[in-house]
Amino acid sequence: MENDHKYLFQNYGDRLPVCFVGGEGSSLYDQDGRRYIDFFAGIAVSTLGHAHPGFVKRLQAQLERPIHSSNWFYNGEQAAAGRLIGELSFPGKTLFVNSGTEANEAALKLARAHGQSISPERYEIISFEGSFHGRTFGGMSATAQEKIRKGFGPIVPGFAYLPFNDIRAVAQKIEQSDRVCAVITELVQGEGGIRIADREFIRRLSALCSERGVLLIIDEVQTGVGRTGRAFAYQHFGIKPDIITLAKGLGGGVPVGAMHARSGLSPLFGKGVHGTTFGGNHLACAAVEFILKELKKPALSKNVSSVSAFIFDRLRSMKAKSPSLIREVRGLGLHIGIELSKPGMDIVKKALAAGLIINCTAERVIRIMPPLNISIRTAREGMKILESILESEASS
Ligand SMILES: Cc1ncc(COP(=O)(O)O)c(C=O)c1O
């Protein structure tokens, strides 16, 4: 802790006072060997938990081959990973990057290139209040939350922020001018407090975009790769996005992101137009390949459904017992939010002290996003801890 304060930027608020040195499945261990149940998965990243034997073996094998060679060369792991993304989503082309914000940068640039191919005036991008799309200038400019952009102006021009779930506002904006080239949205606003998009809104948004030649970018950075019980969240909504952006769970902890777009858009990124040194290196794509092959097996999504049903069931009965503390329980699959009537950080700290890792977002929303392969047994252990904390909180 001393070295952290001495040598590192203190940009992450107060870190919780634990340092994990070991992990297995959905458990993490601190320096004293104390076990913590992981209901957080490092912000929805550790898809298969920690030290998954097959994953470890695959990564170890890759370490003895090149882990990096650059995008000057062909890369078998990258091509295989791109193929799997297309098989699990829609036919198209993939571009690998290193993070969620970079995946969105790529999508925003592709959207502008699409707009400029029609008219120089067609550059506006719509995003929605409460969204989160990352911390680079593009990602931050697309993020319709003042607190994320504050102090970094001027931000990238050409973004329009509209209310979430309001189709009339979108229709008005698109019909008012020919300037809109794309809409970017999450389907469950993760950092915004696990707010699920209205199904009818998304269906009408998708229809409107395709009628008007406006690209629909679905930010699946948090919701993708099985988190919601389907490979990608858009598959719950019956729509066909033009572009999806991925990161977090894609590499199961190895940093990697991707933009996947329908094939017709790929010529817009011609030779030399966009790129990255690390993006899609051999190690990252070996990780993606392994994770996506696991995702293709029905067992993983079956587990998400059954653990999700179990957790929702327990949370709903907790809400019935403590309606003054628990306002709402919502989510999809293992992307679950518990909206409280008061700030939730204290509960996160109490849970950690009791051996359970949870998270709080949007100040009052407790977020539960365990590894997708968490067992019912471990989920039950974790829920027991959470229940006793929420019960004593409700009666205090
Ligand atoms: C929906 C969404 N988009 C983009 C990002 C940014 O991803 P990264 O932190 O990997 O840059 C996040 C991160 O929380 C996210 O939840």
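Note that the structure is a prediction, hence the values are computed from the model and not measured. As the structure lists them, so they are numbered: ligands from 1, and atoms in each ligand from 1. Reckoned from all heavy atoms, side chains included, excluding hydrogens, waters and symmetry mates.
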Considering only protein heavy atoms, which is closest to atom 16 (O) of ligand 1, and at what distance to one decimal place?
-> Q222 NE2, 2.9 Å

Considering only protein heavy atoms, determine whether one is less than 4.0 Å from atom 14 (O) of ligand 1.
-> yes

Identify which one of E186, Q189, E191 satisfies the side chain to side chain donor-acceptor pair (under 3.5 Å) criterion when paired with Q222.
-> E191

Could you tell me the residue and atom name of the protein heavy atom closest to atom 3 (N) of ligand 1, and the distance to it rounded to 0.1 Å?
-> D219 OD2, 2.8 Å

Could you go step by step and tell me if Q78 and N71 meet the side chain to side chain donor-acceptor pair (under 3.5 Å) rule?
-> CA-CA 10 Å; Q78 196 180 114; N71 287 305; 3.1 Å; yes

Can you tell which part of K248 has a heavy atom less than 4.0 Å from ligand 1: side chain, backbone, both or neither?
-> side chain

Check salt bridge (charged side-chain N to carboxylate O under 4.0 Å, His left out) between E175 and all other residues, then give those that pass, not counting sequence neighbours.
-> none

Parallel, tilted or perpendicular: ring planes of F90 versus H260, cut at 30 and 60 degrees | tilted

Give the contacting part of T101 toward ligand 1: side chain, backbone, both or neither, where contact means a heavy-atom distance below 4.0 Å.
-> both

Is ligand 1 under 4.0 Å from a heavy atom in the side chain of N104, in the backbone, in both, or in neither?
-> side chain

Using a strict 4.0 Å cut-off to heavy atoms of S99, name the atoms of ligand 1 that fall inside it.
-> 10 (O), 11 (O)

Measure the distance from atom 2 (C) of ligand 1 to every protein heavy atom, then report the residue, atom name and distance (to 0.1 Å) of the closest one.
-> F132 O, 3.3 Å

Determine whether I244 and S89 make a side-chain contact, defined as any pair of heavy atoms from C-beta on separated by less than 4.5 Å.
-> yes

Would you call E328 and K319 a salt bridge, using N to O less than 4.0 angstrom?
-> no

Under-4.0 Å heavy-atom contact with ligand 1, by part of E191 that carries it = side chain

Taking it one step at a time, do E220 and T223 satisfy side chain to side chain donor-acceptor pair (under 3.5 Å)?
-> CA-CA 5 Å; E220 294 261 12; T223 53; 2.7 Å; yes

for atom 8 (P) of ligand 1, nearest protein heavy atom and its distance come out as G100 N, 3.5 Å

State whether the number of non-hydrogen atoms from other residues, nucleotides or ligands found under 6.0 Å of F278 atom CZ is greater than 12.
-> no

Any heavy atom of H133 under 4.0 Å from ligand 1? The part involved is backbone

Under 4.0 Å from one or more heavy atoms of E186, ligand 1 contributes atoms 1 (C)

Quick one: which ligand 1 atoms are inside 4.0 Å of a heavy atom on V221?
-> 2 (C), 3 (N), 4 (C), 5 (C), 7 (O), 12 (C), 15 (C)

Ignoring hydrogens and angles, tell me if any N or O in the side chain of N373 forms a donor-acceptor pair with the backbone of N303 under 3.5 Å.
-> no

